[in-house]
Amino acid sequence: MNYQAYVFDAYGTLFDVHSVKDAIHRCYPEKGPDISKAWRDRQIHYCMIRQLIQGYRPFDLVTKWALTDALAANDANYNEETIEYLMNQYQHLKPYNEVSQLAENNLHRELTIFSNGTRSMLQPLLENNQLTNSFSLISADDPKIYKPHPDAYRFAQEKLDQEKEDILFFSSNPWDIAGAAQYGFHTAWINRNQAKWPELGLQPNHTLKDLSHIPDKSS
């Protein structure tokens, strides 16, 4: 028995957020991995803070703030030209190897991206990777509510027009899986690094090493 909708987080799940480290390295030799990690950690952390204080700001702005602080934390001098160059890399993130074949391998399944990213970030990212015809798109920027708030998943459910249990949500981010599971979606954790699932009092329905195989309800 199949799910009626297959929904994917974008950053870290379909696209490798740390593929920016090569561009960072060109600006700051030997600092690419450290700045990339600091950038991603702050990006997630700042979104959580903005959601908790009910002070929504769009994901591109939060990402820029996170980059600025990541550079400062790594003693990397920067100017607006550098910030603009590195921010542009988010429109050129590399998809994981199996993502290019995902739609072709799942012709009879509805594939949707549900991301905290804005459409102005996500549309060019899909275009630059020739994936515009592979996924429909739902952005948390439309209701101005970030995942993992339950109202974000509720918005996605309304857009999909499916029952919670008929939606399978994929993410590499445990906080995102936990939010979707708490809301009532079935979930698939993409565990590319063979990490231990954190003790959150919730478990994903499926744990996958990558997106080569899409499970159904009976899996």
Side-chain angles (χ1 to χ4, degrees), residues 5-26 32-33 35-47 58-67 70 84-106 109-142 146-148 152 156 168-177 179-180 187-195 204 207-214:
Y6 298 80
V7 183
F8 301 82
D9 170 59
Y11 299 117
T13 302
L14 297 175
F15 300 95
D16 181 3
V17 294
H18 295 298
S19 59
V20 298
K21 65 179 181 293
D22 292 337
I24 297 171
H25 179 79
R26 288 193 285 273
I35 293 174
S36 179
K37 183 180 185 305
W39 188 2
R40 176 62 170 168
D41 289 347
R42 284 166 169 77
Q43 181 192 55
I44 295 172
H45 184 56
Y46 293 0
C47 283
F59 195 70
D60 52 356
L61 181 56
V62 173
T63 300
K64 184 176 182 179
W65 290 340
L67 171 59
E84 183 178 351
Y85 167 70
L86 292 176
M87 282 292 296
N88 185 59
Q89 301 309 305
Y90 250 74
Q91 297 182 5
H92 298 271
L93 294 175
K94 296 177 182 177
Y96 289 100
N97 291 334
E98 72 277 11
V99 172
S100 62
Q101 299 298 314
L102 200 56
E104 184 177 339
N105 293 338
N106 295 276
R109 288 170 165 164
E110 178 185 347
L111 308 182
T112 302
I113 289 174
F114 175 39
S115 173
N116 282 338
T118 63
R119 292 180 182 275
S120 63
M121 297 174 74
L122 294 165
Q123 291 285 9
L125 179 59
L126 293 176
E127 291 169 6
N128 290 331
N129 287 289
Q130 293 77 52
L131 290 170
T132 52
N133 295 324
S134 298
F135 302 93
S136 56
L137 180 60
I138 300 173
S139 170
D141 189 52
D142 292 341
Y146 282 129
K147 299 180 294 176
L168 181 58
F169 179 76
F170 299 79
S171 181
S172 65
N173 302 298
W175 56 266
D176 204 1
I177 290 291
T187 55
W189 180 38
I190 312 306
N191 184 14
R192 298 182 185 276
N193 298 319
Q194 298 182 325
T207 298
L208 310 174
K209 65 178 182 179
D210 56 31
L211 291 164
S212 298
H213 170 68
I214 301 300

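If you're wondering where the values come from, they're calculated on a predicted model, not measured in any experiment.
- Between the CG atom of D176 and the OH atom of Y146 there is a distance of 13.5 Å, given to the nearest 0.5 Å.
- Test L208, L111, V7 against F170 for side-chain contact (heavy atoms from CB on, under 4.5 Å) and you get one pass: L208.
- Counting heavy atoms from C-beta outward, R192 and Y96 have side chains that approach closer than 4.5 Å.
- Residues forming a side chain to side chain contact (heavy atoms under 4.5 Å, CB included) with A140 (at least two apart in sequence, or on another chain): F114, N116.
- In terms of modelled atom types and a separation under 3.5 Å, the side chain of W189 and the main chain of S172 share a donor-acceptor contact.
- Evaluation of the side-chain hydrogen bond (donor to acceptor under 3.5 Å, both in side chains) rule for N106 yields R109 as partners, not counting sequence neighbours.
- Side-chain contact between I35 and V20 is absent, with no heavy-atom pair separated by less than 4.5 Å.
- Heavy-atom neighbours of H45 NE2 from other residues, nucleotides or ligands within 6.0 Å: at or below the threshold of 12.
- Across all their heavy atoms, V17 and L93 have their closest contact at O-CD2, 3.9 Å.
- Here Y46 pairs with nothing under the ring-ring contact (aromatic ring centres under 6.0 Å, His included) rule; sequence neighbours left out.
- Rounding to the nearest 0.5 angstrom, the gap separating the CD atom in Q91 from the CG atom in N129 is 11.0 Å.
- Take S136 and apply the side-chain hydrogen bond (donor to acceptor under 3.5 Å, both in side chains) test, not counting sequence neighbours, and it matches T112.
- In this structure, T118 OG1 and Q123 CD are separated by 10.0 Å, a value rounded to the nearest 0.5 Å.
- For K37, the salt bridge (charged side-chain N to carboxylate O under 4.0 Å, His left out) test picks out D41, with sequence neighbours left out.
- Between the OG1 atom in T13 and the CZ atom in F8 there is a gap of 9.5 Å [rounded to 0.5 Å].
- Every residue two or more places apart in sequence or in another chain that forms a side chain to side chain contact (heavy atoms under 4.5 Å, CB included) with S139 is listed here: R119, D141, D142.
- Between K94 and D16, none of the side-chain N atoms (NZ, or NE/NH1/NH2) sits under 4.0 Å from a carboxylate O, so this pair counts as no salt bridge.
- In plain terms, the two heavy atoms of I113 and A10 that are nearest each other are CG2-CB, 4.0 Å.
- In this structure S212 satisfies the side chain to side chain contact (heavy atoms under 4.5 Å, CB included) test together with E98, D210, sequence neighbours excluded.
- With hydrogens and angles ignored, the 3.5 Å screen pairs no side-chain donor or acceptor of N191 with any backbone N or O of K209.
- Here the CE-CG distance, from M121 to L126, works out to 12.0 Å after rounding to the nearest 0.5 Å.
- Of the inter-residue distances, the one linking R42 atom CZ with T63 atom OG1 reads 13.5 Å to the nearest 0.5 angstrom.
- By the side chain to side chain contact (heavy atoms under 4.5 Å, CB included) test, N105 pairs with Q101, sequence neighbours left out.
- No side-chain heavy atom of I190 sits under 4.5 Å from any side-chain heavy atom of S171.
- Contacts of Y90 classified as ring-ring contact (aromatic ring centres under 6.0 Å, His included), with partners at least two apart in sequence or in another chain: Y11, W39.
- Counting heavy atoms from C-beta on, the side chains of L125 and F15 come closer than 4.5 Å.
- Among the candidates K21, H18, Q89, the single residue satisfying the side chain to side chain donor-acceptor pair (under 3.5 Å) test with S36 is H18.
- For S134, there are no side-chain hydrogen bond (donor to acceptor under 3.5 Å, both in side chains) partners, not counting sequence neighbours.
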Let's go through W65 and Q43 carefully: what are the C-alpha distance in whole Å and the side-chain angles of both, what is the deciding distance for side-chain contact (heavy atoms from CB on, under 4.5 Å) to 0.1 Å, and is it a yes or a no? CA-CA 8 Å; W65 290 340; Q43 181 192 55; over 6 Å; no
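- Annotation: salt bridge (charged side-chain N to carboxylate O under 4.0 Å, His left out) contacts of K64 (sequence neighbours excluded): E80.
- Take S19 and apply the side-chain hydrogen bond (donor to acceptor under 3.5 Å, both in side chains) test, not counting sequence neighbours, and it matches no residue.
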